[in-house]
Amino acid sequence: MKLVLTEEEQFLKDTAKSFADERSPITHFRSLRDHNDPLLWDQDLWNEMTKLGWPGILIPEEYGGSDFGITGISVILNECAKTLTPSPLFATGVIGAYSITNFGTEEQKQKYLPKIVNGELTTSLAIDESSHHNPANTEIIAKKEGSNFIVNGKKTFVIDGASADLIILLARTSGNKGDMAGLTLFLVNSDSKGIDKIKLDMADSRNYANINFSEVEIPDSNILGDLETGGETVEDILDIGRIAMASEMLGNAEAAFEMTLDYLKQRKQFGVLIGSFQALQHRAAEMFCEIELTKSSVMGAMKAADEGSNELQRLSSLAKTVAGETLHLVSNEAVQMHGGIGVTDEYDIGFFLKRARVAEQIFGSSKYHTERYANLSGF
Amino acid sequence: MKLVLTEEEQFLKDTAKSFADERSPITHFRSLRDHNDPLLWDQDLWNEMTKLGWPGILIPEEYGGSDFGITGISVILNECAKTLTPSPLFATGVIGAYSITNFGTEEQKQKYLPKIVNGELTTSLAIDESSHHNPANTEIIAKKEGSNFIVNGKKTFVIDGASADLIILLARTSGNKGDMAGLTLFLVNSDSKGIDKIKLDMADSRNYANINFSEVEIPDSNILGDLETGGETVEDILDIGRIAMASEMLGNAEAAFEMTLDYLKQRKQFGVLIGSFQALQHRAAEMFCEIELTKSSVMGAMKAADEGSNELQRLSSLAKTVAGETLHLVSNEAVQMHGGIGVTDEYDIGFFLKRARVAEQIFGSSKYHTERYANLSGF
Amino acid sequence: MNDLDKFREDTKNWLDKNCPPSMRSGADPTIPVDEVWGGRNAKYKNPESKIWLDRMGEKGWTMPTVPKEYGGGGLTKEEVKVLNEEMFVIGAKSPLLSFGIWMLAPVLLEYGTEEQKKEHLPKIIKGEIRWCQGYSEPGSGSDLASLATKAEDTGDTFLVNGQKVWTSYADKADWIFALVRTGPKEPKHDGISFLLIDMETKGVTTKPITLISGKSPFCETFFDDVEVPKGNLIGELNAGWTIAKKLLQHERAFISNFGLAGAVAGAGSGRDVVSIAKKRLGEENGKIKNSFYRSEIASHKIKEHAFGLTLKRAGDEGGKASATASMFKLYGTEHNKKRHELMVAASGVDGLAWDGDEFDENDKNLTRAWLRTKGNSIEGGTSEVQLNVISKRVLGLPTQ
Amino acid sequence: MNDLDKFREDTKNWLDKNCPPSMRSGADPTIPVDEVWGGRNAKYKNPESKIWLDRMGEKGWTMPTVPKEYGGGGLTKEEVKVLNEEMFVIGAKSPLLSFGIWMLAPVLLEYGTEEQKKEHLPKIIKGEIRWCQGYSEPGSGSDLASLATKAEDTGDTFLVNGQKVWTSYADKADWIFALVRTGPKEPKHDGISFLLIDMETKGVTTKPITLISGKSPFCETFFDDVEVPKGNLIGELNAGWTIAKKLLQHERAFISNFGLAGAVAGAGSGRDVVSIAKKRLGEENGKIKNSFYRSEIASHKIKEHAFGLTLKRAGDEGGKASATASMFKLYGTEHNKKRHELMVAASGVDGLAWDGDEFDENDKNLTRAWLRTKGNSIEGGTSEVQLNVISKRVLGLPTQ
């Protein structure tokens, strides 16, 4: 395993950087937020991303994708995160594309993958039912009735849930809350009868929803993967999602740090540049080190995913933990070092703080993953 | 509860400060260490402390003491700790004096207290049997035979155990390892048949021993407090000891900080005083704050002990935790800020590092007491 | 009966007759509650708020120690203690919140002319004029003395031009007390004056500032050729920095209490980290179930306890406050930030609720409170400034 | 068969004949092991250590890429790879540890005259002369260039007076390469020269330094009117700082590997924090029983893993080492300190064992290793210096 980007991956990264800088500077995100946009992402921008082939990065060529791998999609998300580019790429291009490619039946693949590739279909993953991520705590039951399953209950904090066309639903087909056994994944059309999506207004102004399921009928053929093995399947999907999210968070941290460095080099106090104060210099140097460690952790996890390493789970938890802690530190320091303007809504740096805390919660906090890392490491 | 010293207490503190500065500068400790002194404290110095009345601070006037309270003895230890003054004052003047005064029979008090006051008798508390403090883990059994108890087994890390005349022994008279019930305290003459004291050579060059008990006979009348309630009794004794030790550790931290500040104000690098470097200034300011918080925690705990507050246990754990963490930080920073000479044996600052880590372990580490604090606080 | 007992009896009787029912503890919870700041344009949801203010203001008891000639209560310290005790007994609400009382009045008493005191103090005490503070400027930050708003002497008046920022409630205030540059050629600390400006004067405008936590009381205040009578200068020309330093110290001590006050207020209300953690992360044998959160929360609670004892000790020691004010400001605000981070983390995604019906009010308030804490370690002197002050003034470390 | 295959066959045969049994893996564990540093006064507990050194030195294979004319092996890079592989196959011990090889030889190759190279390199390569390094002085600390040891030009010789400190193994070395001040009137970086001094010269004395961890390889070295031939100057007069900077960078990279190397070596040996914690604090369902320690250890292990990946990434990226050497030095030593603190804490009182039969050897070694780590963040450039370097050179933050 070599911890460097291939030429292809570097090319994807460079393309994404130019795209984000030119087509989606932070003003784009601000404008969507200020106008209380119903999607909180922009259809035209998504069409452009589609033209660049991004939703199909994880999808095999036979379904129209480019099969560039986890590293490929993650470096794109990393660059987009630097300008807080809002889009359904994470929930669709990572989660949806990976899930169906790896666990879908041939029929499901043919039905959905080409539509993901051409930007027609967006997806979301509905797992959690309370304020803290924990797939084992799934309580919603999918009850077998004939060749259908009937689902009742509420899923919370579904990413892109307010807009997604297809919901990947984790439900219990046996066992009890707390068990990873007895879970099953289903593909559910989001306009199915009995589905009520309630858009959430969260601190980071992204697209999330609570979703109510009331007597929703799901045919047998919409099971993703195998009956009762959804626990394993969803953990695999989540691990990929965690790595991609860690890469996003790294991008957030890199950008917030960069903005802060720029500020330190421009802002004068007491007649000198504040970047010349040694105490701030040392704190900046420490942040630099943490960001370097995060880069390596994310790189290790991306490569492990692409190479099918048996270290994948541990590296996924490692990347999510380290990225979470680094972004936590950097987002706080960035605001503090900006002083008064840092806490005004008019200035962009506060967006990173809000984004940081929500991202920290996505698919498990640093504490959740520190414990998982310890469990996986045997101590 | 007022968090200020009374005039009497301030007087004791001032006296102790002069004594430590004049009679026991750090060179005294160094000399004992270098000569591999068998006691690792000095009999003449102890005689002088006795003349000042220090072993009797906690002892009622009727037995010759001055009854100046926990705060009184703790501020003396605080000042002595600043010059690393070695003496049996902690194990005898705090632990022995408090134990017998508060839990001894009239006979025991008359037998031992006057001897403690006049410096004839030193004591030690033998609790732990493994590397981590935990009274509940006592396994040594005191087996009833006629009017005697027979004890076999090994106690570890007994403070002043290499020299003490009287051992206060915690042993199990019923129950199992892990229970606080079923424990009993005994007063045991250290030259009793079957006792083997093995002096320990620890990093901080203080007087500790492992003590082997082999068929040691202890008469009924030597039970301290009541049979089977030693768990409660020893926790009370330990809480007083923890507070006194926290006060010592505060003294260690204050002295190490002071030495470091002096160094920062004298040492030049790159043509300027290193104390003018802002990064070091901020770290020094943070240490100052931690030391102030430690002072308050120790003060709160001392006063709670003297006033019989029902917050005593929690405040004892608070003081030991905060003092432990502050001293840990300060002892590390002190060595680092001294640079090269800080890691040479020739320079005194390293003594504080070694003393710090041993003191952190005495009667429970910061982690032990953080957990105890949480348990006592109901979360 | 001695004088003090007599005073107690009179006060008790007066309060009994004059403190309206809704201004006491046990008030009807359906009656709306006002935050009474007074001023020309004050509006009251509950008319008794106004009655209570007028009656207390008339007696001068909003500033009971100020001499009667300036509209104050003219009471002795002992009498003030009695007044406070009797108000406490019936749970009487404080009649007036006021930067005029907290900040400007002490300055006027120390530096104002007889005329200035007679003009301004009675209106502050009666709550007729609401004041705001004009110190910071967009470019100044921690280096407050670098302020650029200038006041030119044009003979009869000062002509003021410039901009202030972080002026709390400037959009609601009647007058502003401001630091302005009157000596552009003097060394920067020696060219500053303390000036009172009526905000109805032509050329004064304000604009509210939205913070990352949402709306805020802060404003930007602009001065565009504002004419200010020369009699509005407080103290000597170019000697305003001395006044400013005193006020800043006062403000610092004020902010440092935030952290602990919040923790104390939070305990038992469900808005404390232990309750949140137990509720959201689960409880097992009375313990927070998740041991990784538990260990961090325990360390935090210990620090909080130690900080509380430190505030108490400082109080018990008395008098030494100024030496440690920087420590309290630093520690109080940093601890408060950490406390909110822990509450947010323990709340999971609900701790990041912003708006809408899907979230509990408490959670939405927590999110905004958490974001608001980020400003506490900046306003009133940043944490970095406090560290500088401690290292130089308390520890005596050298300047380069 | 191509040349390289031929070389491999020859090497294999040569090693087979010349590498003594006790210098290979699978050696008889009762035979004493030498740490071979060479030099005039070297002593060997195992005579085969000397044989192995002599044979490898004769072939120049202790520095295989150095040209044969200077006593080296004269091998190509490909041949060196083959040599290393064949030595690895039989588990051959490295024949010589040497500051001469690691530090001085590269300097001689770059800056030495033909004469100097011919004089010194063969003796380094054969292990005949043991070198030590004379950089730091008691007053210099992080400000290395402030060194005061002076070398006065007296015509034929330099007359050296002064004192060096932290000279590792100076009491065992034959020669010292030292930085000395030859231009007392030049700006401080421009008056330094790089000088070779035979330690048998009259006026050179050494004194070992005891550290807080106990005895150490460090010494103080004193120069009292020491006469040094002018031919012992390396490079230009007063241009020694350039050489020093290169060497320091090298040293920094060298030390930064300590942390991780220690962690890797520790894993599985029982000298790692997880094993210690499980043994001393107990284990429950495979987990460290005490959750407060467990959570801290888990965070630490995660940092360690991330740091390991960072070292690997730097290697895979290649070439950029100098930009990040300061980070590795900083992080490696700070992490190593923390690792030892955790091992000590998890060991309880046994982690503070100093001497005597009551304690396990591992525990006593741990105590001393823990204390020794405190020096790692000071020697080779303090952590503070590394932070300065990162902020200025990597991040481009301004100087005041």
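Here is how names work: the chains are called A, B, and so on, in the same order as the sequence lines, proteins then strands, and each is numbered from 1.
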Output yes when a side-chain donor or acceptor of [X] lies under 3.5 Å from a complementary backbone atom of [Y], and no otherwise.
| X | Y | answer |
| --- | --- | --- |
| D:Asp316 | A:Leu3 | yes |
| A:Gln281 | D:Pro398 | yes |
| D:Lys312 | A:Met1 | yes |

### Task
Determine, stepwise, if the pair A:Lys295 / D:Thr310 fulfils side chain to side chain contact (heavy atoms under 4.5 Å, CB included).
CA-CA 8 Å; A:Lys295 283 183 191 169; D:Thr310 306; over 6 Å; no
Heavy-atom distance under 4.5 Å to chain A: side chain of [X], backbone, both or neither?
| X | result |
| --- | --- |
| D:Lys287 | both |
| D:Lys303 | both |
| D:Asn388 | both |
| D:Glu283 | neither |

### Task
Give the minimum heavy-atom separation between D:Ala306 and A:Leu318, together with the two atoms involved.
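Here D:Ala306 and A:Leu318 meet closest at N-CD1, 4.3 Å.
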### Which atom of A:Ala285 lies closest to which atom of D:Ile390, heavy atoms considered
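Heavy atoms only, the tightest pair is CB-CG2, 3.7 Å.
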Of the backbone (N, CA, C, O) and the side chain (C-beta and beyond), which part of [X] lies under 4.5 Å from a heavy atom of chain D, both, or neither?
| X | result |
| --- | --- |
| A:Arg283 | neither |
| A:Phe379 | both |
| A:Glu371 | both |
| A:Glu258 | neither |
| A:Ile274 | neither |
| A:Phe270 | neither |
| A:Ser297 | both |

### Message
For the interface with chain A, which of D:Thr399, D:Ile288, D:Ile302 has the highest count of heavy-atom pairs at distances below 4.5 Å?
### Response
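When all of D:Thr399, D:Ile288, D:Ile302 are compared, D:Ile302 has the most.
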### Message
How long is the straight-line distance from CG of A:Leu293 back to CE of D:Met327, given to the nearest 0.5 Å?
### Response
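If I round to the nearest 0.5 Å, the distance is 6.5 Å.
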### Task
Could you grab the distance from atom NE2 of D:His305 to atom OG1 of A:Thr321, nearest 0.5 Å is fine?
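If we round to the nearest 0.5 Å, D:His305:NE2 and A:Thr321:OG1 are 11.5 Å apart.
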### Query
Only one of A:Leu280, A:Leu273, A:Leu264 clears side chain to side chain contact (heavy atoms under 4.5 Å, CB included) with D:Leu397; which?
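Exactly one candidate clears the test, A:Leu264.
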### Task
List the steps and the verdict of side chain to side chain contact (heavy atoms under 4.5 Å, CB included) for D:Glu334 and A:Glu286.
CA-CA 12 Å; D:Glu334 293 296 334; A:Glu286 274 157 14; over 6 Å; no
### Task
For the residue pair D:Arg313 and A:Glu292, establish whether any side-chain heavy-atom pair is separated by less than 4.5 Å.
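Answer yes - side chains close enough.
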### Query
Out of A:Glu325, A:Lys367, A:Glu290, which one racks up the most heavy-atom pairs below 4.5 Å with chain D?
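Most heavy-atom pairs within the cutoff with chain D belong to A:Glu290.
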### Query
chain D: which of A:Ala374, A:Cys289, A:Gly300, A:Ala319 shares the most heavy-atom pairs with it under 4.5 Å?
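Greatest number of close heavy-atom pairs with chain D: A:Cys289.
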### Query
Is the number of heavy atoms from other residues, nucleotides or ligands within 6.0 Å of CD (A:Glu232) greater than 12?
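For A:Glu232, atom CD is not crowded (no more than 12 foreign heavy atoms under 6.0 Å).
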